[in-house]
There are 2 protein chains.
Amino acid sequence: MPEDTAPADLTTMRFSRAREAQAMAVLEDYAEMIDDLARQMGEARITDIAARMGVTHPTATKAVARLKREGLAVSRPYRGVFLTELGTELAARVRMRHRVVVDLLIAVGVPAETAEIDAEGLEHHVSEATLRAFEAYLAQRG
Amino acid sequence: MPEDTAPADLTTMRFSRAREAQAMAVLEDYAEMIDDLARQMGEARITDIAARMGVTHPTATKAVARLKREGLAVSRPYRGVFLTELGTELAARVRMRHRVVVDLLIAVGVPAETAEIDAEGLEHHVSEATLRAFEAYLAQRG
DNA sequence: ACAGAAGTGTAGCCAAGGCTACACCTTGCA
DNA sequence: TGCAAGGTGTAGCCTTGGCTACACTTCTGT
């Protein structure tokens, strides 16, 4: 067995982490989207969420069901979706992280439009430690 | 309807892109892993692939089946898995991109270990344009 | 006020990527 | 050499996140 190159356990852990991050990604995206819609329109409607996410409304309904299950949102039939305090906090963290990631990409020379697009996928895999490093870099470069 | 903030179509496109990238991620990870194992041990065995990826062997078998379906790998029952030319090219691109992403993270101040962990998830969402920007940044920075 | 339009819920399908359990093939060693 | 151990295949289950089709509710405008 080749324990020669690099501890297989560490490699394994990296992949596990990436899979966990992916599981959170949908929750994060929806929470942020609902928060956006609430700010812009007073409430988040299923149809609007679906349209913005680029999915059909049953898909959005399922995602919202999961948010509710996780205690991040509440809703009543045929009424809008609202974030709980927990959900609002998550949305705030996600929004902040998104901005930092976009800013960092731009700072190292990525075109603004590309930065926005790539950040959407990237951000979910940026750990706290990396986020702090990004902030420090941006501050110092200022 | 609030078409006021930002074209909803662009937002939608960002999420679609992120979902597409995610669909490729597993293929990319397995291709690179198989390539690694082939270099280190001469061939990639299902059990070794599974162990490195941190999954059970049936999960690895399914992933390999998908690689074969996509023309990226070949295998015969009870024998190792081998990448096709296409698969090898993919693995090379993935490896190169991984290295660039890790280097960039380190360059902006992310601790090396953290950079390795985060890169595993991040890399799949780094577009060609962003990758070129990263390379340019690293080259210029020396 | 009520009918049609628009929005929402729900059922049921699919593929992917996890898992466990179990069957089968290969290999190595006593 | 033959059998136990270990590697591999396969069946079947779960969840997630897509979808379409269809039923039902709400809203709107004449």
Side-chain angles (χ1 to χ4, degrees), chain A residues 1-2 8 12-31 33-34 37 41-70 72-82 120-121 124, chain B residues 1-2 8 12-31 33-34 37 41-70 72-82 120-121 124:
Chain A
M1 273 71 197
T12 299
M13 207 192 316
R14 291 212 296 275
F15 285 111
S16 300
R17 282 286 288 273
R19 283 195 296 268
E20 282 168 30
Q22 196 50 39
M24 273 301 296
V26 173
L27 252 21
E28 293 177 345
D29 284 338
Y30 276 87
M33 182 62 74
I34 290 168
L37 288 167
M41 328 176 52
E43 67 171 358
R45 313 286 303 282
I46 283 287
T47 299
D48 296 330
I49 297 170
R52 295 275 189 107
M53 296 296 297
V55 299
T56 57
H57 85 267
T59 298
T61 300
K62 275 192 190 181
V64 167
R66 199 172 152 215
L67 284 176
K68 291 168 74 170
R69 225 189 314 140
E70 305 275 344
L72 298 168
V74 291
S75 74
R76 294 196 347 265
Y78 298 101
R79 290 294 177 259
V81 179
F82 300 91
E120 205 62 70
H124 303 290
Chain B
M1 275 69 196
T12 298
M13 207 192 316
R14 290 212 297 274
F15 285 110
S16 300
R17 282 286 288 272
R19 283 194 297 268
E20 282 168 30
Q22 197 49 41
M24 273 302 295
V26 173
L27 254 18
E28 293 177 344
D29 284 339
Y30 276 87
M33 183 61 74
I34 291 168
L37 288 167
M41 328 176 51
E43 68 172 356
R45 313 287 302 282
I46 283 288
T47 299
D48 296 330
I49 297 170
R52 295 276 188 107
M53 296 296 297
V55 299
T56 57
H57 84 266
T59 298
T61 301
K62 274 193 190 180
V64 168
R66 199 174 153 213
L67 283 176
K68 291 168 73 172
R69 225 190 312 141
E70 307 274 345
L72 296 168
V74 291
S75 74
R76 292 191 353 261
Y78 299 98
R79 290 293 176 262
V81 180
F82 299 91
E120 204 62 69
H124 303 288

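All of these numbers come straight from a predicted model, not from anything done at the bench. Naming: A, B, ... by sequence-line order, numbering from 1 per chain.
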### Query
Is the phosphate of C:dT8, meaning OP1 or OP2, less than 4.0 Å from a side-chain N or O of A:Thr47?
yes
### All pairs passing salt bridge (charged side-chain N to carboxylate O under 4.0 Å, His left out) where residues 13-26 of chain B contributes a residue, at least two apart
A:Glu116-B:Arg14, A:Glu120-B:Arg14
### Query
Within the distance-only criterion (no hydrogens, no angle test), does the side chain of A:Thr12 pair as donor or acceptor with the backbone N or O of B:Arg52 below 3.5 angstrom?
yes
Can you tabulate the close N/O pairs, meaning under 3.5 Å, that link protein atoms to atoms of nucleotides 18-22 of chain C?
from: C:dG18; atom 1: O6; to: B:Lys62; atom 2: NZ; distance (Å): 2.5
from: C:dC19; atom 1: OP2; to: B:Thr56; atom 2: N; distance (Å): 2.8
from: C:dC19; atom 1: OP2; to: B:Thr56; atom 2: OG1; distance (Å): 2.8
from: C:dC19; atom 1: OP2; to: B:Thr59; atom 2: OG1; distance (Å): 3.0

### Whole-Å distance separating the CD atom of A:Glu70 from the P atom of D:dT15
13 Å
### Message
Any heavy-atom pair between the side chains of B:Met33 and A:Phe15 that's under 4.5 Å?
### Response
yes
### Query
Among all residues two or more places apart in sequence or in another chain, which pass the salt bridge (charged side-chain N to carboxylate O under 4.0 Å, His left out) test with A:Glu43?
A:Arg45
### Task
Rounded to the nearest angstrom, tell me the gap between atom NZ in A:Lys68 and atom P in C:dT8.
13 Å
Under 3.5 Å, N/O pairs linking protein and nucleotides 26-28 of chain C:
none

### Task
May I ask you to test the A:Leu67-A:Val81 pair for a side-chain heavy-atom distance under 4.5 Å?
no
### Query
So does A:Arg76 get a side-chain nitrogen or oxygen closer than 4.0 Å to the phosphate oxygens (OP1/OP2) of C:dG9?
no
### Task
Using atom CD of B:Glu20 as one end and atom P of C:dA16 as the other, report the distance to the nearest whole Å.
15 Å
### Query
Whole-Å distance between C:dA6 C1' and A:Asp48 CG?
12 Å
### Task
Mind checking side-chain contact (heavy atoms from CB on, under 4.5 Å) for B:Thr47 and listing every partner two or more places apart, or none if nothing turns up?
none
### Message
So, taking the atom named CD1 in B:Ile46 and the one named CG in B:Leu37, what distance separates them when rounded to the nearest 0.5 Å?
### Response
10.5 Å
#### Entry: Reported CG-to-CD1 distance for the pair A:Asp48 and A:Ile34, which is rounded to 0.5 angstrom
11.5 Å
### Task
Return the value, rounded to whole Å, for the distance between atom NE2 of A:His124 and atom P of D:dG17.
12 Å
### Task
Under the side-chain contact (heavy atoms from CB on, under 4.5 Å) rule, collect the residues that match up with B:Ala25, sequence neighbours excluded.
B:Gln22, B:His124
#### Entry: Rounded interatomic separation in angstrom, taking CD1 from A:Ile49 and C1' from D:dG17
15 Å
#### Entry: Spacing between B:Glu28 atom CD and C:dA16 atom P, to the nearest angstrom
16 Å
### Message
Using whole Å, what does the distance between atom P of nucleotide C:dG17 and atom CD of B:Gln22 come to?
### Response
9 Å
